[in-house]
Amino acid sequence: MNIALIILLVFGFFILLSSFFTVKQQTAVVVERFGKFLSIRQSGLHLKIPLIDRIAGRVNLKIQQLDVIIETKTKDNVFVKLKVSVQFMVIKETVYDAFYKLEYPHDQITSYVFDVVRAEVPKLKLDDVFERKDDIAIAVKRELNEAMTTYGYTIINTLVTDIDPDIQVKNAMNRINAADREKTVAEFEAEASRIRIVAKAEAEAESKRLQGQGIANQRREIAKGLVESVDVLNRVGINSQEASALIVVTQHYDTLQAIGADANSNLILLPNSPQAGSDMLNNMIASFSASNQVGELMKKRNGKGNSRRENAIELPEEPETPETEE
């Protein structure tokens, strides 16, 4: 008798315990009575009738995320994989719809994401998919909101978190990018080379101009020195021809001395015999004499031509005939 009572008490104790249940925060519990919906219990401690009421299910009211990976084709026939993250939650006031109307919400959301993405991406080229991924996410959120609100769900946000084209396409895009950067580098290097060449040419031109001025000034001073030397020699009774011969011979030997002073010089002066100076002077005198003679002949010819033109222009006057008296 005592054992039966103990068993009855233990059984009653467990029945009493099963009458109480707790609901966690951000969770809703659906209670049914004999298989029919009874109530929705929110967070806290609750009581139900044992063996009559039962907990049909628990609904999570937190924000949930579902990652959907879709493979589709772009407008330029490139296959890409998109990862779309959908953040959704059950509306607290419509837990009944979320629990009884939709059995597999993840599958339903996945189907809508597939449908929207495969309708939007084929309208875009690959580059546009990267640039307009936010537009794709907005389109997915709009379609999901319209469909899932009926079932007691709200879409918090949708994000296109990854766009992964085929590996060959990515390699081609990387090569295009690398080629474009190499082209830019080549353009900058060519421009730098052009600037260096122009600067070098300008420097050389300025150097040659200054060298020309220096040579001109040098020759001008040499000419002045030669004139002064000839004047000095004329004052001591040496005529111009002898003075010129002396100057030429002196410069000739000065040149030979300058060449011989440098041991590493490979310059050869031809002719380098002692009579080379006098030969050079004779040639110069002959050239000057010939040029003077040519000049005199040209002057005479010009003078004769002028006199002939004057004779052709002046006509002789006709003598006057005396008048006869009748």
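Below, all heavy atoms of this structure are taken into account, side chains as well, without hydrogens, waters or symmetry copies.
Residues K92 and L61 approach most closely at CG-CD1, 4.2 Å, considering heavy atoms. Closest non-hydrogen pair, V23 versus R58, comes out as CA-NH1, 4.2 Å. Listed here is the closest heavy atom pair of V117 and V84: CG2-CG2, 4.1 Å. The shortest non-hydrogen separation linking T72 to R118 is OG1-CG, 3.8 Å.
Side-chain contact between V160 and K83: absent, with no pair of heavy atoms (C-beta onward) separated by less than 4.5 Å. When side chains are defined from C-beta on, K75 does not count as touching L124, because their heavy atoms never get closer than 4.5 Å.
Side-chain contact annotation: S207 with R209, donor-acceptor N/O pair under 3.5 Å absent. In this model, no donor atom of one side chain and acceptor atom of the other lie less than 3.5 Å apart for N145 and E143.
Cluster membership check: L159 does not share its hydrophobic cluster with V80, using side-chain heavy-atom separations under 4.5 Å among Ile, Leu, Val, Met, Phe, Trp and Tyr.
Using a cut-off of 4.0 Å between Lys/Arg side-chain N and Asp/Glu carboxylate O, K81 and E71 are scored as not salt-bridged. Taking a cutoff of 4.0 Å between a charged side-chain nitrogen and a carboxylate oxygen, R132 and D128 do not qualify as a salt bridge. Using a cutoff of 4.0 Å between basic side-chain nitrogens and carboxylate oxygens, D76 and K125 are not scored as salt-bridged.
The distance from atom CD of Q87 to atom CD1 of I155, rounded to the nearest 0.5 Å, is 10.0 Å.
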